[in-house]
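Written out below as structure tokens is the structure these notes cover.
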Amino acid sequence: MAGAGIHATTIFAVSHKGSHAMAGDGQVTLGNQVVMKHTAKKVRRLFNGKVIAGFAGSVADAFTLFEMFEGKLLEYNGNLQRASVELAKQWRGDKMLRQLEAMLLVMDNNNLLLVSGTGEVIEPDDGILAIGSGGNYALAAGRALKQYAGEKMTAEEIAKAALTTAADICVFTNHQIIVEVLGE
């Protein structure tokens, strides 16, 4: 299996009715054929529980990015936007870090951002982001749920339902879903 990378997939985040939720599945896949783990935790709380971060991509690379991002949060006293921009700058500008194969979604009570190694720090217009192999499925489901469920669903319920839909469709996403919530 030379050259086969270990990957982890599908993170979904939503801000809805003053609440913020991020969900991730637990599947880790080796190459395109073998499920190595079913219960990986790809969504976690940082900065004393005030920030939620989730990753899609290579597992080892993601842990490196989590550590770097938490360092930036500490350096900038929890300012999510500043920490995200500084992480993206460092990630893009460092020859070794540019080789990392992962993306991050990060959120606090005021911001939801996608951070990538190409220097991108993107804030969505609609309060919804998704990354990973099942990201487009989760994004479509989440947008429909947020638009049509209105007041009937919480951010947590939308996040879980969107990821469940992705898991039903994407072979790289499973039903071992972890949801973290802020603002409820």
Tightest non-hydrogen contact, residues Val179 and Ala159, listed as CG1-CB, 4.4 Å
Q.
Counting only heavy atoms from other residues, nucleotides and ligands, does the tally under 6.0 Å from CG of Asn136 exceed 12?
A. no
Those residues at least two apart in sequence (or on a different chain) that pass side chain to side chain contact (heavy atoms under 4.5 Å, CB included) with Asn110 are Asp108
Sorted by chain and residue number, the side chain to side chain donor-acceptor pair (under 3.5 Å) partners of Lys41 (sequence neighbours excluded) come out as none
Rounded to the nearest 0.5 Å, the CD atom of Gln176 sits from the CG atom of Leu163 at a distance of 11.5 Å
With the side chain counted from C-beta on, respond yes when Thr154 and Ser19 share a heavy-atom pair under 4.5 Å apart, and no when they do not. no
Between His16 and Glu151 (side chain of the first, backbone of the second, donor and acceptor by atom type, cut-off under 3.5 Å), is there such a pair? no
With a 4.0 Å cut-off on N to O distance, would you call Lys160 and Glu157 a salt bridge? no
Practice task
Would you check if Asn111 and Glu123 make a side-chain contact, meaning some heavy-atom pair closer than 4.5 Å?
Solution key: yes
On a heavy-atom basis, the closest approach of Gly132 and Ala56 is CA-CB, 3.6 Å
Heavy-atom closest pair (Ala130 atom, Gly135 atom, distance to 0.1 Å) is CB-O, 3.2 Å
Joining Ile, Leu, Val, Met, Phe, Trp and Tyr whenever any side-chain heavy atoms lie under 4.5 Å apart, the cluster holding Ile169 also takes in Tyr137
Compare all side-chain heavy atoms of Gln90 with those of Lys72 and state whether any distance is below 4.5 angstrom. yes
Rounded to the nearest 0.5 angstrom, the CH2-CD distance for Trp91 and Glu86 is 15.0 Å
Show me the donor-acceptor pairs, under 3.5 Å and distance only, between side chains in residues 73-80 and residues at least two apart or in other chains.
| unit_1 | atom_1 | unit_2 | atom_2 | d |
| --- | --- | --- | --- | --- |
| Asn79 | OD1 | Gln81 | N | 3.3 |
| Asn79 | OD1 | Arg82 | N | 3.0 |

### Query
Do Glu180 and Arg45 sit within salt-bridge range, that is, some charged N less than 4.0 Å from a carboxylate O?
yes
### Query
Do the non-hydrogen side-chain atoms of Phe69 and Val106 ever get within less than 4.5 Å of each other?
yes
Between the NE2 atom in His20 and the CG atom in Leu182, the distance rounded to the nearest 0.5 Å is 6.5 Å
Heavy-atom nearest pair, Ala88 first then Val115, reads CB-CG1, 4.1 Å
| Counting distance only, does the side-chain N/O of Lys146 pair as donor-acceptor with the main-chain N or O of Ser15 below 3.5 Å? | yes
d(Arg143 CZ, Ile158 CD1) to nearest 0.5 Å is 13.0 Å
dist Leu114:CG -> Leu105:CG (nearest 0.5 Å) comes out at 5.5 Å
A quick test of your reading: do over 12 heavy atoms of other residues, nucleotides or ligands sit less than 6.0 Å from NZ of Lys50? no
Exercise for review: Report yes if some heavy atom in the side chain of Arg44 is under 4.5 Å from a heavy atom in the side chain of Phe66; otherwise report no.
Suggested key: yes
Residue set satisfying side chain to side chain donor-acceptor pair (under 3.5 Å) with Ser116, at least two apart, ordered chain then number -> Thr118
Next item on the list: Please examine the side chains of Leu87 and Leu104, heavy atoms only from C-beta on, and report whether any two atoms are closer than 4.5 Å.
Entry: yes
CG of Asp25 to SG of Cys170, rounded to nearest 0.5 Å, is 8.0 Å
**Item:** Same cluster (ILVMFWY, side-chain, under 4.5 Å), Ile11 and Val35
**Value:** no
The side chain to side chain contact (heavy atoms under 4.5 Å, CB included) partners of Asp168 (sequence neighbours excluded) come to Thr164, His175
Between Thr10 and Gly134 the two heavy atoms that sit nearest each other are OG1-N, 2.9 Å
Would a single hydrophobic cluster contain both Leu65 and Ile178, if residues Ile, Leu, Val, Met, Phe, Trp and Tyr are joined by side-chain heavy-atom contacts under 4.5 Å? no
Which of Ile128, Ile177, Thr173 passes side-chain contact (heavy atoms from CB on, under 4.5 Å) with Phe12? It is Ile128
Quick one about Gln27 and Thr29 (side-chain donor to acceptor, distance below 3.5 Å, no hydrogens or angles considered), yes or no? yes
Heavy-atom nearest pair, Asn174 first then Ala167, reads O-CB, 3.3 Å
Decide side chain to side chain contact (heavy atoms under 4.5 Å, CB included) for Met153 and Leu145; before the verdict, give the C-alpha distance in whole Å, the side-chain angles of both, and the deciding distance to 0.1 Å. CA-CA 8 Å; Met153 293 181 80; Leu145 288 166; 3.8 Å; yes
